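On a predicted model such as this, the values are computed, not experimentally measured, just so you know. Along the sequence shown, the residues carry numbers beginning at 1.
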Amino acid sequence: QVQLVESGGGLVQAGGSLRLSCAASGRTFSNYAMAWFRQVPGKVREFVASISSSGGSTTYADSVKGRFVISRENAKNTVYLQMNSLKPEDTAVYCCAQSRSGLVTTVDVLNAFWGQGTQVTVSS
């Protein structure tokens, strides 16, 4: 059974930084693409960033490009999201996701395992 557990969220002032972690278990981590999404109550879940199984390919939403960095440590079964220059509009619950398929470099929201999420709040 796949489990994804996020950590690292919290309250930070605008301009500050946070690093989120997502620890995975249940199958061979290095075989699957990972991603971060975020959601605000009442709004559609938003893609943030994704990383291929090897870490060699990354993709970012335009809203976070240049500020956020996704990375992974396959030896630790963990994916990270380094968030810099945070803005109040980055406030959301951040969830990590793992592709159910091992044949893709990104994560399809309709074909993924999900963590419970961690709250990030950016104050102005």
Next item on the list: Show the numbers, then the answer: is there a side chain to side chain contact (heavy atoms under 4.5 Å, CB included) between Tyr94 and Met83?
Entry: CA-CA 11 Å; Tyr94 284 71; Met83 306 186 295; 3.9 Å; yes
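- Looking at residues two or more places apart in sequence or on another chain, you find no side-chain hydrogen bond (donor to acceptor under 3.5 Å, both in side chains) involving Thr58.
- Looking at Trp36 and Val79, their side chains come closer than 4.5 Å, going by heavy atoms from C-beta outward.
- The existence of a salt bridge linking Lys87 and Asp90 is excluded, since no basic side-chain nitrogen approaches an acidic carboxylate oxygen closer than 4.0 Å.
- In terms of modelled atom types and a separation under 3.5 Å, the side chain of Thr78 and the main chain of Lys76 share a donor-acceptor contact.
- Contact check for Tyr80 versus Glu73: side-chain heavy atoms found under the 4.5 Å cut-off.
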Atom pairs and distances, donor-acceptor, side-chain atoms in residues 105-116, under 3.5 Å, two or more places apart:
unit_1, atom_1, unit_2, atom_2, d
Asp108, OD1, Leu110, N, 2.8

Checklist line | Derivation and outcome, side chain to side chain contact (heavy atoms under 4.5 Å, CB included), residues Met34 and Arg72 | finding: CA-CA 9 Å; Met34 300 292 295; Arg72 65 190 294 160; 3.7 Å; yes
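- Listed by chain and number, the residues in a side chain to side chain contact (heavy atoms under 4.5 Å, CB included) with Ser85 are Arg67 (sequence neighbours excluded).
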Checklist line | side chain to side chain contact (heavy atoms under 4.5 Å, CB included) evaluation trace for Glu46 with Val40 | finding: CA-CA 9 Å; Glu46 178 188 16; Val40 175; over 6 Å; no
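- Between Gln119 and Thr91 the shortest heavy-atom distance is NE2-CG2, 4.0 Å.
- Gln98 places a side-chain heavy atom less than 4.5 Å from the side chain of Val2.
- The shortest heavy-atom contact between Val104 and Ser99 is CG2-OG, 3.4 Å.
- Annotation for Leu4 and Ala24: closest pair CD2-CB, 3.5 Å, computed over non-hydrogen atoms.
- Residues passing the ring-ring contact (aromatic ring centres under 6.0 Å, His included) test with Tyr60: none are found, sequence neighbours excluded.
- Nearest heavy-atom pair, Ile70 versus Ala35, reported as atom, atom and distance to 0.1 Å: CD1-CA, 4.4 Å.
- Pairing each heavy atom of Gly9 with each of Leu20, the nearest pair is N-CD2, 3.6 Å.
- No side-chain donor from either of Asn31 and Ser53 sits under 3.5 Å from a side-chain acceptor of the other.
- Distance check, rounded to the nearest 0.5 Å: OG of Ser21 to CD of Glu6 gives 10.0 Å.
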Notebook entry, point to check: Does the pair Val12 and Thr121 meet the rule for a side chain to side chain contact (heavy atoms under 4.5 Å, CB included), with working shown?
Noted result: CA-CA 6 Å; Val12 64; Thr121 303; over 6 Å; no
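- Atoms CD1 and OG, on Ile51 and Ser57 in that order, are 8.5 Å from each other to the nearest 0.5 Å.
- One hydrophobic cluster, built from ILVMFWY side chains closer than 4.5 Å, holds both Leu18 and Val122.
- Interatomic distance, CG of Asn77 versus OG of Ser30, reported as 8.0 Å (0.5 Å rounding).
- For the residue pair Gln1 and Arg27, no side-chain donor N or O sits within less than 3.5 Å of a side-chain acceptor on the partner.
- Across all their heavy atoms, Asn84 and Ser17 have their closest contact at OD1-OG, 3.0 Å.
- Shown here are the side chain to side chain contact (heavy atoms under 4.5 Å, CB included) partners of Ser54, two or more places apart in sequence or in another chain: Ser52.
- Val120 and Val48 end up in the same hydrophobic cluster when Ile, Leu, Val, Met, Phe, Trp and Tyr side chains are linked at under 4.5 Å.
- The side chain to side chain contact (heavy atoms under 4.5 Å, CB included) check on Gln3 picks up Ser25, with sequence neighbours excluded.
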